[in-house]
2 protein chains.
Amino acid sequence: MKVLSKVSEYGLRALLYMVAKRGGQEYVSIREMSERLDISFHFLTKILQMLTQANLLISYRGPNGGVAFKKPPEEIRLSEVVLILEGDDYFDKCLLGLPGCGDRQPCPMHQFWKEIKGSLKKEFDHTSLAEMGQIAVSRHLRLVP
Amino acid sequence: MKVLSKVSEYGLRALLYMVAKRGGQEYVSIREMSERLDISFHFLTKILQMLTQANLLISYRGPNGGVAFKKPPEEIRLSEVVLILEGDDYFDKCLLGLPGCGDRQPCPMHQFWKEIKGSLKKEFDHTSLAEMGQIAVSRHLRLVP
DNA sequence: CGGAATTAAGAGTATTTTATCTTAAATTAG
DNA sequence: CTAATTTAAGATAAAATACTCTTAATTCCG
């Protein structure tokens, strides 16, 4: 059950690293993250660029540069991150992949799947990056393979 | 939220077609399904082959051949189909894609994600192909794009 | 038996996703 | 101002997924 692409997996791991590091106050170097999390530097750069362009992070170039949260991680929901990295239609996809499927023209799985997606969205909606990061810090959990 | 590969999407659509057609009693031609469902014939053949090799279907060659259910669709669960087509570790994957993640070495999202996966598995476990097909038939829902 | 219909299987191609490489732009420190 | 450090952006490459083509094996019907 793989619901996230590598882009989101890496993006989330980086965000959690930032939260864990210093509560997301200061700029964190992408190079540092790529090394600590064992993610390709250039690939991670692009992912974080997406988050920067979506106004979730701000970036700064030059020595001591990096990325930082634009708003406190308490206010950033998992769903927000996922919608940015996976696309706005993330919670609208048909289980059977039928393009026309929706309330007006439902596939056989539509209602069933809609309910599951709904409850998942709800979970993602009230889970903040801060909470997630907290758990990681307090339990010394690992973000690295 | 794309949880299934094309393989599973196509496989499920074909199975639902078979249920809808005649309750899964007789052999249904793969060619017919590929045309009615607008799925590549050879690709679909391979997908149904996987289901045949997994003993969910039986196949018959020659004129009037095709595939049929080996056990009644009432007894086939959605989870069973998905495990065959996506792999046995389908419900065991880490949200962040970390290979070592598990109960012994949980990632920050492990517990959270484990619960969600659990309830999804439960849903998939007591949803039979027959139920799914029933809905499709009774409401004249479409399996085609 | 012989030809047509059908699934099985393997090789080959295309598309998408993931990852890398190169160069440019911004910032800092000396 | 210059050199070093860092993100931005675009081009390219590798890997995975999705799809196609060809040939073989099985079964039916005349």
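In what follows, every heavy atom counts, from backbone to side chain, and hydrogens, waters and symmetry copies are set aside. Chain letters run A, B, ... following the sequence lines, proteins first and then strands; every chain starts at 1.
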Exercise for review: Using side-chain contact (heavy atoms from CB on, under 4.5 Å) as the criterion, list what pairs up with A:D89, not counting sequence neighbours.
Suggested key: A:D92, A:K93
Review point. The side chain of B:F43 lies closest to which of these nucleotides: D:dA18, C:dT7, D:dT7?
Key: D:dA18
Check your understanding: Roughly, in whole Å, what's the span from NZ in A:K46 to P in C:dC21?
Key -> 12 Å
Review point. Separation of A:R31 atom CZ from C:dT27 atom P, in whole Å?
Key: 19 Å
Review point. So, is A:S59 near the phosphate of D:dA8, with a side-chain N or O under 4.0 Å from OP1 or OP2?
Key: yes
Study note, to complete from the structure: When rounded to whole Å, the CG to C1' distance for the pair B:L44 and C:dA9 reads 16 Å
Check your understanding: Using 30° and 60° as the class limits, which term best fits the ring planes of A:F91 and A:F124: parallel, tilted or perpendicular?
Key -> perpendicular
Practice item. Report the residue (A:H42 or A:L4) whose heavy-atom-nearest nucleotide on DNA chain C is the more 5′ of the two. Key: A:L4
Check your understanding: Would one find a side-chain N or O of A:Q49 under 4.0 angstrom from OP1 or OP2 of D:dA9?
Key -> yes
Check your understanding: Is a side-chain donor-acceptor pair under 3.5 Å present for B:E86 with B:S8?
Key -> yes
Practice item. Please determine if a side-chain N or O atom of B:Y10 lies less than 4.0 Å away from the OP1 or OP2 oxygen of D:dA18. Key: no
Check your understanding: What about B:K6: does its side chain form a donor-acceptor pair under 3.5 Å with the base of C:dT16?
Key -> no
Review point. Do the side-chain N or O atoms of A:S5 get closer than 4.0 angstrom to the phosphate oxygens (OP1, OP2) of C:dT17?
Key: no
Point to revise | Salt-bridge contact B:K2-B:E9 (side-chain N to carboxylate O under 4.0 Å) | key: yes
Revision key, fill the gap. Between OH of B:Y60 and P of C:dA8 the distance, given in whole Å, is 13 Å
Check your understanding: Touch check for B:Q53, heavy atoms < 4.0 angstrom, all strands: base, sugar-phosphate only, or nothing?
Key -> sugar-phosphate
